[in-house]
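Heads up: the structure comes next, in structure tokens.
Below, chains carry the letters A, B, ... as their sequence lines are ordered, and counting in each starts from 1. The model shown is predicted, which means the values in this text are computed figures rather than measured ones.
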Number of protein chains: 2
Amino acid sequence: MATKTVATEKRYRIGEFAAKTGLSGPTLRYYEKEGLVKPHRSDNGLRYYTDADASWIKFLLHLKGTGMTIEQLKQYVAWRAEGDATITKRLQLLKNVRRGFLQKFEELQHSMTILNDKIDWYQGKVDGHISDSEGFANYLASLNHEE
Amino acid sequence: MATKTVATEKRYRIGEFAAKTGLSGPTLRYYEKEGLVKPHRSDNGLRYYTDADASWIKFLLHLKGTGMTIEQLKQYVAWRAEGDATITKRLQLLKNVRRGFLQKFEELQHSMTILNDKIDWYQGKVDGHISDSEGFANYLASLNHEE
DNA sequence: ACACTAGTTAAAGCTGACTTTAACTCATAG
DNA sequence: CTATGAGTTAAAGTCAGCTTTAACTAGTGT
């Protein structure tokens, strides 16, 4: 009789999985309570997570990183659970998220410009390239940057 | 006897100034309590702000936009009030802020890539370019994108 | 056997950044 | 003269997103 070998996927308990994903144990339980992730349970009742769960969490964190709130993620997850019928809704949601994100992104770039200008201005003062009396507004104007 | 005309700068009361800066009245008072902005007072005791205050607020909001917390802004403002002796400290603070910001910015770009890919993937499903069975992980791999 | 570490739950607490409320005054139009 | 609207203060409340606590159980190393 041949022995059947089952390729068993790696099981991560919450501590190991927390380290793997960069989240804390409590945060993982919190996400579970919110329905964002559904870990499995081994015979002894302890949670375990798989590599597939890790990919899922990473994807969620990317969505979160673009500005989606936990509530929006919950909505997304709920639609996902409903199956293909909700694909257009999910697509629409993600497109809305992207619109908001692009808007925020432009503001970030502008803020970055101002921050860089200010750093250059301070650096100029420190290095003596900019006169003691030249104000930042003047300096910005000289760069054709606003605000 | 010639009459001396003083060019008086425009005075904004809190409501008008709130509209001008996009902040709320309460937020302006909150910022004042935190020492981030010092409005002036007219004879009747009401706050007023000037265009210079507006520039200052806009600059603060840009710094805030790059990830500085209110606490960091308070530190910055405190150093500024101490005069030129703290210029290197301020420069250092802003450089630290920039380091953190650039880090976050890269993560944002990565998240953006993932979001775009996901949207394209859904779009492909909706348009029928992507087979019902092709998973997102596969799709990402086909683009040489990770996670 | 006993300590130590990791896990379990529900619930309360925390942080940052405001927002809202309460109770008031002051300036101006009708 | 009184109603309206904007301003004033201090203090309490809100919200998202965790984090901490309390009180417990279960598995592992010496």
Side-chain angles (χ1 to χ4, degrees), chain A residues 10-50 53 57-58 60-77 97 100-101 104 107-108 111, chain B residues 10-50 53 57-78 97 100-101 104 107-108 111:
Chain A
K10 167 125 214 243
R11 295 178 171 199
Y12 303 89
R13 295 203 316 203
I14 198 167
E16 194 182 0
F17 194 71
K20 189 179 169 68
T21 55
L23 298 174
S24 70
T27 298
L28 283 167
R29 293 191 193 97
Y30 167 69
Y31 280 5
E32 178 180 355
K33 201 177 61 183
E34 297 302 319
L36 299 185
V37 61
K38 280 211 218 321
H40 324 272
R41 299 282 177 159
S42 38
D43 297 343
N44 57 17
L46 299 192
R47 285 175 184 79
Y48 70 87
Y49 301 80
T50 66
D53 295 321
I57 289 278
K58 279 176 189 165
L60 280 189
L61 291 179
H62 281 306
L63 291 187
K64 190 162 171 295
T66 63
M68 278 180 82
T69 62
I70 301 284
E71 284 308 306
Q72 285 178 305
L73 290 171
K74 281 167 77 169
Q75 175 65 85
Y76 179 80
V77 168
V97 167
F101 180 76
K104 219 186 61 186
E107 291 167 15
L108 283 177
S111 291
Chain B
K10 167 126 213 246
R11 295 177 171 199
Y12 303 87
R13 293 203 319 202
I14 197 166
E16 194 183 359
F17 194 71
K20 187 179 170 69
T21 56
L23 298 173
S24 69
T27 298
L28 283 168
R29 292 191 195 97
Y30 167 69
Y31 281 6
E32 178 179 354
K33 200 176 63 185
E34 298 302 317
L36 299 185
V37 60
K38 279 209 218 323
H40 323 273
R41 299 283 177 157
S42 37
D43 296 343
N44 56 19
L46 300 193
R47 285 175 185 80
Y48 72 87
Y49 300 81
T50 66
D53 295 321
I57 288 279
K58 279 176 189 165
F59 174 60
L60 280 188
L61 291 179
H62 280 305
L63 290 187
K64 189 163 171 296
T66 63
M68 278 179 82
T69 63
I70 301 286
E71 284 307 307
Q72 285 179 303
L73 290 172
K74 281 167 76 170
Q75 174 66 84
Y76 178 80
V77 169
V97 167
F101 180 76
K104 219 187 65 188
E107 291 167 16
L108 283 176
S111 291

Legend entry - Distance below 4.0 Å between A/R29 side-chain N/O and C/dT8 OP1 or OP2: yes

Inset, instruction - Any chance you could list the contact pattern along nucleotides 14-25 of chain C? Use B for base contacts, S for sugar-phosphate-only contacts and - for none, protein heavy atoms under 4.0 Å, 5' to 3'. - result: ---BBSB-----

Legend entry - Under-4.0 Å salt bridge between B/R13 and B/E16: no

Inset, instruction - Identify, with sequence neighbours excluded, every residue that meets side-chain hydrogen bond (donor to acceptor under 3.5 Å, both in side chains) alongside B/T21. - result: none

Legend entry - Partners passing salt bridge (charged side-chain N to carboxylate O under 4.0 Å, His left out) against A/K38 (at least two apart in sequence or in another chain): none

Inset, instruction - Could you check how far CD of A/E32 sits from C1' of D/dG17, rounded to whole Å? - result: 17 Å

Inset, instruction - Could you note down all residue pairs passing ring pair (Phe, Tyr, Trp, His ring centres under 6.0 Å) where residues 13-48 of chain A supplies at least one of them, sequence neighbours left out? - result: A/F17-A/Y49, A/H40-A/Y48

Legend entry - With sequence neighbours excluded, residues passing side-chain hydrogen bond (donor to acceptor under 3.5 Å, both in side chains) with B/S24: B/T27

Inset, instruction - Only counting residues at least two apart or in another chain, list the ones meeting salt bridge (charged side-chain N to carboxylate O under 4.0 Å, His left out) with B/E107. - result: none

Legend entry - Residues forming a side-chain hydrogen bond (donor to acceptor under 3.5 Å, both in side chains) with B/R29, sequence neighbours excluded: none

Legend entry - Euclidean distance, atom CZ of residue A/R11 to atom P of C/dG7 [Å, nearest integer]: 15 Å

Legend entry - Any residue meeting side-chain hydrogen bond (donor to acceptor under 3.5 Å, both in side chains) with B/N44, in chain and number order, not counting sequence neighbours: B/S42

Inset, instruction - Rounded off to whole Å, could you give me the CD1-to-C1' distance for the B/I14 and D/dT8 pair? - result: 10 Å

Legend entry - Whole-Å gap separating P (D/dT8) and CZ (B/F17): 13 Å

Legend entry - Residues in contact with DNA chain C, drawn from residues 41-50 of chain A - heavy-atom cutoff 4.0 Å: A/R41, A/L46, A/R47

